[in-house]
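Chain A is the first sequence line, chain B the second, and so forth, proteins listed ahead of strands; every chain is numbered from 1. Only a predicted model underlies this, so the values are computations on that prediction, with no experimental measurement involved.
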Amino acid sequence: MPISPSDTHDLAVIGAGPAGLAAAVTAADLGLTVALVDAAARPGGQFYRQPAAGLGAARPQALHHSWGAFARRAGRLAAHRTAGRIRYLAEHHVWAVTREAAHWAVHAVRGPDGAGARAEVAARTVLLATGAYERQLPFPGWTVPGVVGAGGAQAMLKAGLVVPGRRIVVAGSGPLLLAVAGSLAAAGATVPVVVEAGGYAGYARAPRTLAANPRKLVEGIGHAAALRRYGVRLRTRSAITAVHGTDRVEAVTLTRLDRDWRPVAGSGLRIPCDALAVGHGLVPQLDLATALGCATRRTPDGTAALVLDGRQRTTVDGVWAAGETGGVGGAELALCEGELAAHDIAGRAPGGVLLRHRDRLRRFAGVMAAAHAPRAGWSDWLRSDTEVCRCEEVTAGRVREAVGDLGARDTRTVKLLTRAGMGWCQGRMCGPAVAHLAGETALEAGRRLLACPVTLGELAREER
Amino acid sequence: MVIVGAGVVGAACAYYAGRAGLSVAVVDRGAVAGGTTGAGEGNLLVSDKEPGPELALALLSTRLWRELAAELPPEIEYETKGGLVVAADEPGLTSLRAFRAAQGAAGVESTDVPGDRLRDLEPHLAHGLAGGVLYPQDAQVQPALAAAHLLRASGARLHLGAEVTAVLRGPGGAVRGVRTPRGDLLAPAVVNATGTWAGRLATLAGVTVPVLPRRGYVLVTEALPRVVRRKVYAADYVADVASGSAALQTSAVVEGTPAGPVLIGASRERVGFDRTLSAGVLRRLAAQAAALFPVLAEVRVIRTYQGFRPYLPDHLPAIGPDPRAPGLLHACGHEGAGIGLAPATGRLIAAALTGTAGPLDAQPFRPDRFTEGTEPE
Ligand SMILES: Cc1cc2nc3c(=O)[nH]c(=O)nc-3n(C[C@H](O)[C@H](O)[C@H](O)COP(=O)(O)OP(=O)(O)OC[C@H]3O[C@@H](n4cnc5c(N)ncnc54)[C@H](O)[C@@H]3O)c2cc1C
Ligand SMILES: Cc1cc2nc3c(=O)[nH]c(=O)nc-3n(C[C@H](O)[C@H](O)[C@H](O)COP(=O)(O)OP(=O)(O)OC[C@H]3O[C@@H](n4cnc5c(N)ncnc54)[C@H](O)[C@@H]3O)c2cc1C
């Protein structure tokens, strides 16, 4: 019998990216009733971001590899919805998950800005598949129009098929940069150079992990080949340390870095361009999880990720997680973990193949994270007037003063003493940079009890 | 002397002890204002207090905060914005007026505001409220910045990131310092200003001070032009504050901040140190705030946070020397008013340390008052 909105579902999946989508359809295959709640308009998450319907992209798959894996699951989602086994709530942003007497309550608002009406879902178990967002490290000029997030540029391209400029420098760290440069070039932009602060030498130091992950190698080689084809150069151990232009990016300064990511004096090189796409890897999106009390760990690239056991269970009974929430590892790992979690939630033992596949990909994720982990010297490229928190316009100098003179020691006390992280984005953008400037050692995953804004009126309304 | 705890209370103790000529070290396991001070709202209220020892402390603090505002930098965001307490109906207004009369006899300034004048003071208040009382002495600081600037002005040496793991006692039992993983700090006087964790520190010194946590939530909205001018709350808040019940009590205090967001707080419930989110608490706070200011219903809440107030069974702080452990003083247990009561507490501690007459009678705050008759020693 089809599920009705007021039923208690067997499982609520939050996030319909590769991890959540795979989990939802697998759980429904195994006979569970599922609510799949996602903030985006369509399933697919970061990776399988689809062009809006009206744009008439003939072959969205041209921008993706492994489109087939997604298309198959999207097909199963449609079938399960028709059969009433999955209730799919698109454009529902979950602001909190709370433990009630006999179930979990998933609280959501509709619409992108929290202005829409509220919806509640009750479920016996919860899977958190909320993915990750891009890490930004500030640098002089990063607020000049024309500087965009690398992931954002890719997303714009996938969803709207627009390019942020004609001549785009891609910079930051992490393997995503290669993918982003490849997509931008394929879409017709000139990408003079990809600037990577870390290097790729770290991969060579883990030959066994690499050998065990041939698909990942092929992916990497694929990116490299694409870049050569478009004449894109890769500069490792370098960073963009200045942006020229006031109303619009006109050029950037590329500087060599030492082992600790400190700029090497006198190595600056001016590169003309009209846009800069920049990002330093991804940060797991853990607001819902930490509000529930799920324990976190520090990953090799210095972000917080959930502590999970071999069956994708968090440290809170009844709550599972899959994909980037457990540490950034790519779409294939997300799919695999989603399926594993669904099996465990349904009380089925997953196959050994799936388990070994997950373990192999997780090891690769560790190697990748270590190779691109920001080194402490990055903050040497900040000037004291460089804005760190853009929402509240707090400069690096003021953050350093709060730490040096006023006794702040972590992101929370820097926030209390400077307002950095108190604005609209709630520190999602400046958090990693502030944590570093504050010398935060214990790295607390930012605790945001509300995962997105909610109007007071909706907050006040009685449930159901 | 050594002060354990770099919250607003420890900071005020350091400030007044430093001014009295004492050499002061402040030690905290974390950062400045990283404890409950960082979760407080910064209301400096007299309006919510009934006549008695706490009100006396609050009235003294009100004066001291005014002096401090002249001495500390403007970053502490001191503002004498005043409080407006409203009653929804006639019975509520009658008891509010009786409360005000008693407070007036104790030195609290206030004016009666008839229902039809409320919106002159707060144009966005709901229609139909029975009336209210305006308390001009109610003020505001930004708690974390106030603590940080008090500490900076105190000249005290700061030892941050150093947890006190033992209180050192001499042969005769007298306290002679504290132990931290980074070394011992020796001093003939140790002040326990560890807020909600003060019971544990007391235990390290071999005494009991039964401080317990009382959880509170605050809602923070997106930045708005000033729609709320004062601190506005419903009269039943006063009953909540004084209540000893473990059950959830909410009564929204609504106020605008210089930076734009409106703060709505604060619930009170005794649930230990439970940090998981309670949707029911948020719902009640939100509903009460929207009932006072209907325009807020459309406004987005961008953050909520929680803190754990340090409370003692009789809802009064413990301030002063502990006769059970010579050399140990307590300055803790201020519950939901520690920011407001910090300066008077600092003055009392400085007076005790210098052996001078205190600014008011500290008897009701004796730290050993809970053990009388229960412990043989
Ligand atoms: C620019 C870019 C390029 C990439 N290139 C590659 C590549 O080449 N190869 C590769 O393997 N991987 C790549 N990745 C990584 C890949 O996208 C991720 O590994 C994969 O998407 C992770 O899947 P996920 O399901 O964990 O999370 P996501 O895909 O991020 O999905 C999370 C979903 O959760 C939703 N969500 C989050 N919070 C809430 C909430 N509170 N309420 C409701 N919904 C919520 C989001 O809307 C989103 O739909 C790339 C990522 C980016 C950003
Ligand atoms: C939601 C909420 C709203 C509030 N609103 C107001 C308000 O509007 N007005 C008001 O006056 N009050 C308010 N309060 C109450 C106020 O915040 C507290 O009474 C006050 O902050 C207590 O200050 P404190 O210095 O005693 O404690 P804290 O600020 O908690 O400082 C204690 C310090 O001791 C340290 N510490 C503890 N143990 C050790 C150890 N073993 N070694 C070293 N260091 C240690 C901690 O790290 C901490 O920094 C509110 C509280 C809450 C929770």
Side-chain angles (χ1 to χ4, degrees), chain A residues 95-100 105-107 109 113-115 120 287-288 290-294 316 391-392 402-403 405-419 421-427 438-442 447-463, chain B residues 6 11 26 28 30-35 37-39 75 142-145 147-149 151-152 158 160-161 217 219-223 252 259-262 264 274-291 293-306:
Chain A
W95 54 270
V97 178
T98 55
R99 186 200 290 273
E100 306 302 325
V106 176
H107 309 267
V109 283
D113 55 359
E120 308 289 335
D287 301 338
L288 296 172
T290 51
L292 280 168
C294 300
V316 172
C391 301
E392 297 287 334
V403 175
D405 296 354
L406 296 178
R409 293 172 57 84
D410 46 33
T411 40
R412 174 166 173 254
T413 42
V414 168
K415 173 175 80 182
L416 290 166
L417 296 172
T418 66
R419 301 193 58 80
M422 273 199 194
W424 185 250
C425 89
Q426 288 293 296
E440 190 167 294
T441 43
R447 271 178 62 83
R448 296 179 197 93
L449 294 171
L450 292 183
C452 69
V454 196
T455 63
L456 199 75
E458 286 304 323
L459 212 50
R461 204 152 66 188
E462 286 296 324
E463 287 162 37
Chain B
V26 176
D28 198 294
V32 168
T37 296
E75 281 80 13
Q142 206 276 24
L145 284 163
H149 285 286
L151 274 174
R152 186 147 82 164
L158 281 183
L160 300 177
Y217 279 99
L219 303 177
V220 185
T221 73
E222 60 191 309
V262 169
I264 299 158
D274 182 357
R275 290 189 173 274
T276 57
L277 184 73
S278 160
V281 179
L282 302 193
R283 182 167 61 240
R284 280 174 58 174
L285 272 179
Q288 289 169 349
F293 291 96
V295 285
L296 291 181
E298 302 302 315
V299 167
R300 282 169 294 192
V301 175
I302 62 170
R303 175 169 46 149
T304 178
Y305 61 84
Q306 60 201 181

Contacting region of B/Tyr305 [heavy-atom separation from chain A under 4.5 Å]:
backbone

Which atoms form the tightest heavy-atom contact between B/Leu145 and A/Leu417, and what is the distance?
CD2-O, 3.5 Å

Specify the closest pair of heavy atoms between B/Ala31 and A/Gly407, including all atoms of both residues, with the distance to one decimal.
CB-O, 3.4 Å

If you count heavy-atom pairs under 4.5 Å with chain A, which of B/Asp274, B/Val220, B/Val299, B/Thr221 comes out on top?
B/Val299

Is it the side chain or the backbone of B/Leu151 that comes within 4.5 Å of chain A heavy atoms, both, or neither?
neither

Looking at CZ of B/Arg303 and CG of A/Leu449, how far apart are the two atoms once the value is rounded to the nearest 0.5 Å?
10.5 Å

B/Ala11 versus chain A, the contacting section by heavy-atom distance below 4.5 Å
neither

Who passes side-chain hydrogen bond (donor to acceptor under 3.5 Å, both in side chains) against A/Glu392, sequence neighbours left out?
A/Arg419

Atom CG in A/Leu416, atom OG1 in B/Thr37: separation rounded to 0.5 Å?
9.5 Å

Sort B/Pro143 into side chain, backbone, both or neither according to what part of it lies under 4.5 angstrom from a heavy atom of chain A.
neither

Side chains of A/Leu450 and B/Leu282: does their closest heavy-atom pair fall under 4.5 Å?
yes

Given a strict heavy-atom distance threshold of 4.5 Å, which part of B/Val301 is in contact with chain A: side chain, backbone, both, or neither?
both

Under a 4.5 Å heavy-atom cutoff, which of A/Asp405, A/Val97, A/Val316 has the most pairs with chain B?
A/Asp405

Donor-acceptor contact below 3.5 Å, side chain A/Arg412 vs main chain B/Gly34:
yes

Quick one: pull up CG in B/Leu277 and CH2 in A/Trp95 and give me the separation to the nearest 0.5 Å.
7.0 Å

Between B/Ala290, B/Gly161, B/Pro294, which shows the greatest number of heavy-atom pairs under 4.5 Å with chain A?
B/Gly161

Within a strict 4.5 Å, meaning less than it, do heavy atoms of the A/Arg409 and B/Val32 side chains meet?
no

Does any heavy atom of chain A fall under 4.5 Å from the side chain of B/Glu75, the backbone, both, or neither of them?
neither

Within this structure, what is the OG-CD distance for the pair B/Ser278 and A/Glu100, rounded to the nearest 0.5 Å?
7.5 Å

Drop me the distance from B/Glu298's CD to A/Leu456's CG, to the nearest 0.5 angstrom.
10.0 Å

Out of curiosity, B/Arg275 CZ to A/Thr290 OG1, how far, rounded to the nearest 0.5 Å?
11.5 Å

